Amino acid sequence: MSELRDEIAKKLGFGCMRLPVVGGDTSVIDDAAFCRMIDTYLERGFTYFDTAYPYHNGKSEEAVGRCLVDRYPRERFLLATKMPVWLVKETSDYDRLFAEQLARCKVSYFDFYLLHALNRESAAAEEQRGGFDFIRRMKEAGKIRHIGFSFHDSAEALEEILKAHPEMEFVQLQINYYDWESKKVQSRKCYETAVKYGVPVIVMEPVKGGTLANMTGEAAHALDALFAGKEGAKPSYASYAVRYAASLDNVFLVLSGMSDEAQLLDNTSYMQDFCPLAEEEQQAVEKAVEELAKLPVIPCTKCRYCVDDCPKQIPIPELFEDYNMTVRFGVNEINRNHYAMHVKGHGSAADCIKCGKCEGHCPQHLGIRKLLETVAGTFGEVPKN
Ligand code: SF4
Ligand code: SF4
């Protein structure tokens, strides 16, 4: 742990899964905006960038190559990416995909490299195909400095992997205060399993895909009360969520998928001289969780694992977010317009043919088909051209 902690000057990592884009097209990164964000992030003393093969329809790694690697000396930053294990059909695919990633990112080595999104099933498949062996060999060859995996499954499944693979140097877990006691996500149990095996943790989704940055009502009041009577700028709701995850002893890095400069400035402001949550902040967060649990929003993290196989090209996470906005603020022109924009040129919630291909990919185990019925009922028919 201390070795990894020493390498990472500040605990906030730049997640490159929700970068600024041009014209709402997630495949077209806004390079100028991304470059400005990188500059500020590095100027403020942060160093860690996290990308992956599928992010932004395969364009995130290339954007990192253009906007970061081309513009800064290699030793100025730490770069992490991940093996898309679901694309590996035979052993030679590991070499091909890894070479492609080095080329996309324009580097000769990765600082951190992960087997992407393991669960009990995919870990067993990697055991057979040789994914664990592959990353160990790449480390021995000097092409990876630290090996680990990202994970979405039960604490028991995590324990099986950690027991079988003591060579794993870190694990990336979905941890946020909303999911801490969740039976599905098992943030607390997974974290405690990593502690038990002495494996340091990188946190992903600390703000639950943005959910914890947009609170209203009683949950917001619980956090706002912390600021009552104080002067200056009120801390953002996201700040409590990121600091909550970063306050855990065995966490050496918290990733935040940053989409614009305002978000970056906010995140880096409170993480520059990081302070763990104080007791009263911890209590306020617990109160907010109680209030949030009362709101029937869809707990989609926008990971997008569900979208590629959908025969109707339904932008599932966007439509879920549009629906969640109606839960928080009622059906209004803004969220109706967002919905219409999202279904333009794609399938709408009403177009779902209930084939179920999406649901097997969902790390949150959401009943996507049923939820899309609710979304369709909320927004009704909209023009798609
Ligand atoms: S069940 Fe619906 S949303 Fe899911 S993949 Fe099939 S058509 Fe797409
Ligand atoms: S529905 Fe599930 S798989 Fe799809 S984006 Fe949301 S959390 Fe990810």
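Indexing begins at 1, ligand by ligand and atom by atom, following the structure's order. This is a predicted model, so every value here is computed, not measured.
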Practice task
Side-chain contact test, heavy atoms from C-beta onward, threshold under 4.5 Å: evaluate it for Ile38 versus Tyr72 and give yes or no.
Solution key: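 Contact flag for Ile38/Tyr72 side chains = yes.
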
Problem - Flag side-chain contact, heavy atom, 4.5 Å: Leu118 against Asp153 - result: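 No - every pair of side-chain heavy atoms lies 4.5 Å or more apart.
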
Problem - Centroid-centroid under 6.0 Å between Tyr48 and Phe112 rings - result: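 Centroid distance Tyr48-Phe112: below 6.0 Å, so yes.
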
Exercise for the section: Name the orientation class of the two ring planes belonging to Tyr305 and His152 (parallel below 30°, tilted from 30 to 60°, perpendicular beyond 60°). Expected result: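 It falls in the perpendicular class, over 60°.
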
Practice task
Evaluate the ring planes of Tyr94 and Phe134, with Trp represented by its six-membered ring, and classify them as parallel (under 30°), tilted (30 to 60°) or perpendicular (over 60°).
Solution key: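 Aromatic pair Tyr94/Phe134 classed parallel.
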
Please identify which atoms of ligand 2 are closer than 4.0 Å to at least one heavy atom of [X].
X: Ile368; result: 1 (S)
X: Gln364; result: 7 (S)
X: Pro317; result: 5 (S)
X: Arg304; result: 5 (S), 8 (Fe)

Exercise for the section: With atom 4 (Fe) of ligand 1 as the reference point, say which of Ala349, Cys362, Cys358, Gly360 has the nearest heavy atom. Expected result: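 It is Cys358 whose heavy atom sits nearest to atom 4 (Fe) of ligand 1.
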
Quick one: which ligand 1 atoms are inside 4.0 Å of a heavy atom on [X]?
X: Lys354; result: 1 (S), 2 (Fe)
X: Leu372; result: 3 (S)
X: Ile316; result: 3 (S)
X: Arg369; result: 1 (S)
X: Gly356; result: 1 (S), 6 (Fe)

Tell me the protein heavy atom at minimum distance from [atom], and give that distance in Å.
atom: atom 7 (S) of ligand 1; answer: Ile353 N, 3.5 Å
atom: atom 6 (Fe) of ligand 2; answer: Cys300 SG, 2.3 Å
atom: atom 8 (Fe) of ligand 1; answer: Cys310 SG, 2.4 Å

Problem - atom 4 (Fe) of ligand 2 contact by Cys306, N, O or S atom under 2.8 Å - result: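 Short answer: yes, at least one N, O or S atom is under the cut-off.
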
Practice task
Start with the C-alpha gap between Phe274 and Ser247, add the side-chain angles, then the distance that decides, and say whether side-chain contact (heavy atoms from CB on, under 4.5 Å) holds.
Solution key: CA-CA 9 Å; Phe274 167 66; Ser247 297; 3.8 Å; yes

Problem - Leu319 and Tyr339: CA distance, side-chain angles, deciding distance, side-chain contact (heavy atoms from CB on, under 4.5 Å) verdict - result: CA-CA 6 Å; Leu319 303 197; Tyr339 183 80; 3.7 Å; yes

Practice task
Treating Ile, Leu, Val, Met, Phe, Trp and Tyr as nodes and any side-chain heavy-atom pair under 4.5 angstrom as an edge, say whether Ile368 and Val185 lie in one connected cluster.
Solution key: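 No; Val185 is not reachable from Ile368 via cluster members.
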
Practice task
Take Thr81 and Tyr53 through the test side-chain contact (heavy atoms from CB on, under 4.5 Å) and record every step on the way to the result.
Solution key: CA-CA 7 Å; Thr81 194; Tyr53 192 88; 5.5 Å; no

Practice task
Return yes when Pro363 approaches ligand 2 closer than 4.0 angstrom through a heavy atom, no otherwise.
Solution key: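 Per 4.0 Å heavy-atom rule, Pro363 contacts ligand 2.
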
Handout entry: Among Lys82, Met138, Met83, side chain to side chain contact (heavy atoms under 4.5 Å, CB included) partner for Tyr113
Key =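 Exactly one option meets the side chain to side chain contact (heavy atoms under 4.5 Å, CB included) with Tyr113, and it is Met83.
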
